[in-house]
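The sequence lines fix the lettering, A, B, ..., with proteins before strands; numbering per chain opens at 1.
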Amino acid sequence: MTHGAHEAVTTSARPSAYGLAAFRGGLHLRKLAAGAVLPLLVILLWQLAGTGGSLFGGVLPTPDRVASAWYTWAFGNRGMGMNPYSGSWFDSVVFSTTRVLQGFAVALLVGIPTGIMIGWNRLVAGAVDPALQMLRPIPITAWLPFAIAVFGISSIGAVFLIALGVFYPVVINTTQGARHVERNLVRAAQMMGASRLDILLRVVIPASLPSIFTGVRIGLGTGWTAVIVAEMIAVKSGLGYVLWDAYYLGRMDVVIADMATIGIMGLLSDQLILMIERYALSWRLVNSNR
Amino acid sequence: MARIEISSLAKVYPGPKPVNALDHVSLDVAEGEFIALLGPSGCGKSTLLNILAGFESKTEGEVRFDGQPVGKAGPDRGVVFQEAALFPWLTVFDNVTFGPRMQGVAKPVYEKIAHDMLALVGLKDFAQAYPSQLSGGMRQRVGIARVLVMKPRALLMDEPFGALDAQTRLSMQELLLEVWQRLKTTVVFVTHDIDEAVLLADRVCIMSARPARIARQIAIDLPRPRSIDDLTTPAFIRYKAEIMQVMRDAHPAKAIAAE
Ligand SMILES: Nc1ncnc2c1ncn2[C@@H]1O[C@H](COP(=O)(O)OP(=O)(O)OP(=O)(O)O)[C@@H](O)[C@H]1O
Ligand SMILES: [Mg+2]
């Protein structure tokens, strides 16, 4: 039977190739190009509709003005009196992204195990689920005063809000996944002598992964919402802070550049999660990518 | 190889409308015997098998496995499910070695057995494929292989080929005959296909509609080894006719649907 063993080893390259195909499927150039048509058209019309660099009586700057403000914001010299944002774009992006990552990490570290336990164990479900369901209807915006009162004007308050915003979708989707593991998969594992811990680690968690990823992707959206809200009020740095500040100073060009930045960051981070998901769940996607 | 003794086994599924699924069923299976449980849909075949497997509790009666009351599900009773129930996130090889790994069998030992079993079911080239890359019949072969690697004392199969097309089903029946001829494991095989029951089993137990009892047991004295060529022999047809008659008597309206 050594012959059989060799054969199996040589075939091992095959599925990983499928896995890679699934991985690559994410960013397809032609799809990307097709998707860019509509936004470019809107930007063009917006540019053409403007007179003297703005629309609606000076309220809305045209795209070229936004682009030049964005350029100064990103690459201008710091500390030039005329433009308080000059050269600070990267800092703002880093501030906000760091907060999102921190809140996100806390939410996943707490949310995924909590969700698994609620879905898997009736006792935990009975003890934790009702409290969660009671707290969940409180929107994260309603937690703002609480966060400021407890954490002060600080990054921690913002991270708390982000973590909270990400936590709910993650915990709810993870719970769904762990609760609806196919019964025969659990039975099969029992039949093969798996302990309760084995079943949790080797059946319930992998079976819940698709739902967990759904929760994580929804959570990422709430995370970016939360960071902007928090920075507008509870911290004095980051994209949300600049957004609100620029509005007060009447710098709509910066406001729009900021909004576009947030959109791009949200999109990029979602694509990143999607790539991780495709890789982690390649066993599920093998057929559709063949 | 194991002996199974079931006496006055009753099962009531509790609830607002309790379901009386098994009504004092008694059945003995000898060591190395292949028995088929035949009956219409909903008559309690799966319930009986799930109690044997240890997935479901009994309400009354006794179920003994090699003289011992059956307990929790375990590797001594290998279960083959209708939809294979493979772990989709594991390769075929990892699915097949799942049982031995759970039981702490040494890697070189289980790797060799797993390769042998994959060869036996004709899947040695697919060791590193994922279940989603396999056809229904291939998945079911993996389901059989992963049970065989544990060297179970009995095989419990719940309509394992029920979801397969006719062609695949025939080849799976041949495969099972071949495997059983070599290993001579005790098998309890649930089906509602009369041909399948007669072709495979030493004894066909026909269950009546709910609450289920064993309406009749018919020993199948066709010579072994058998193959799908037997399906058309006069002796085979005589058994088939006899079983159809029993099923018609046991539940007149449902007999046709049960075929
Ligand atoms: N978990 C359960 N709770 C309540 N009733 C159940 C449960 N499982 C099965 N039943 C009922 O018990 C009866 C027997 O079901 P069982 O699944 O054993 O039938 P079966 O013979 O395997 O049918 P089929 O051929 O369709 O698989 C059915 O009426 C079914 O509705
Ligand atoms: Mg059934």
Side-chain angles (χ1 to χ4, degrees), chain A residues 1-22 177 181-213 277-290, chain B residues 50 53-56 72-105 108 111-120 123-134 143 146-147 149-150 152 156 158:
Chain A
M1 274 333 279
T2 47
H3 175 68
H6 281 298
E7 283 226 349
V9 172
T10 51
T11 53
S12 71
R14 217 189 295 154
S16 56
Y18 288 124
L20 261 180
V181 178
E182 212 183 304
R183 185 175 63 177
N184 277 351
L185 290 186
V186 175
R187 285 181 166 180
Q190 284 171 341
M191 174 270 288
M192 289 186 277
S195 65
R196 257 183 87 77
L197 183 66
D198 282 326
I199 292 174
L200 183 67
L201 297 179
R202 292 163 192 272
V203 181
V204 177
I205 291 178
S208 310
L209 267 187
S211 308
I212 293 176
F213 271 106
E277 174 176 354
R278 286 224 171 89
Y279 182 73
L281 303 182
S282 57
W283 48 266
R284 190 177 61 157
L285 295 161
V286 275
N287 265 342
S288 56
N289 272 281
R290 227 191 301 209
Chain B
N50 288 338
F55 297 145
E56 206 68 80
K72 284 191 315 195
D76 52 346
R77 283 151 291 151
V79 180
V80 179
F81 300 87
Q82 177 167 358
E83 305 287 353
L86 304 178
F87 302 123
W89 52 86
L90 296 183
T91 61
V92 165
F93 189 78
D94 290 342
N95 265 289
V96 170
T97 56
F98 188 91
R101 283 187 283 136
M102 290 303 101
Q103 292 149 53
V105 175
E111 279 189 336
K112 186 187 167 343
I113 306 172
H115 281 120
D116 288 352
M117 287 307 161
L118 281 176
L120 183 67
L123 284 178
K124 71 182 161 95
D125 290 343
F126 290 86
Q128 299 304 322
Y130 285 92
S132 60
Q133 294 170 288
L134 305 180
R146 79 163 170 195
V147 161
V149 291
M150 302 188 300
L156 309 177
D158 192 352

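Counting all heavy atoms, side chain and backbone alike, B:V149 lies closest to B:A114 at CG1-CA, 3.8 Å. Across all their heavy atoms, B:R77 and B:K72 have their closest contact at NH2-O, 2.6 Å. The two residues A:S208 and A:G177 come nearest to each other via the heavy atoms OG-C, 3.5 Å. Across all non-hydrogen atoms, the minimal contact from A:P206 to A:W283 is O-CZ2, 4.2 Å. The two atoms that bring B:F55 and A:R187 nearest to each other are CE2-O, 3.4 Å, heavy atoms only.
Both the backbone and the side chain of A:V203 have a heavy atom closer than 4.5 Å to some heavy atom of chain B. Proximity to chain A (any heavy atom under 4.5 Å) is restricted, for B:V147, to the side chain, taken from C-beta onward. For a residue to count as touching a neighbouring chain, one of its non-hydrogen atoms must lie under 4.5 Å from one of that chain's; by this rule B:F81 touches chain A with the side chain only. Heavy atoms of B:D76 lying under 4.5 Å from chain A are absent altogether. The contact between B:L86 and chain A is made entirely by backbone atoms, counting heavy-atom distances below 4.5 Å.
The backbone N or O of B:Q82 lies less than 3.5 Å from no partner atom in the side chain of B:D158, so there is not a single donor-acceptor pair.
For the options A:D198, A:N184, A:L209, heavy-atom pairs under 4.5 Å to chain B are most numerous at A:N184. Interface check for chain A: of the options B:N50, B:L90, B:L118, the most heavy-atom pairs under 4.5 Å are formed by B:N50.
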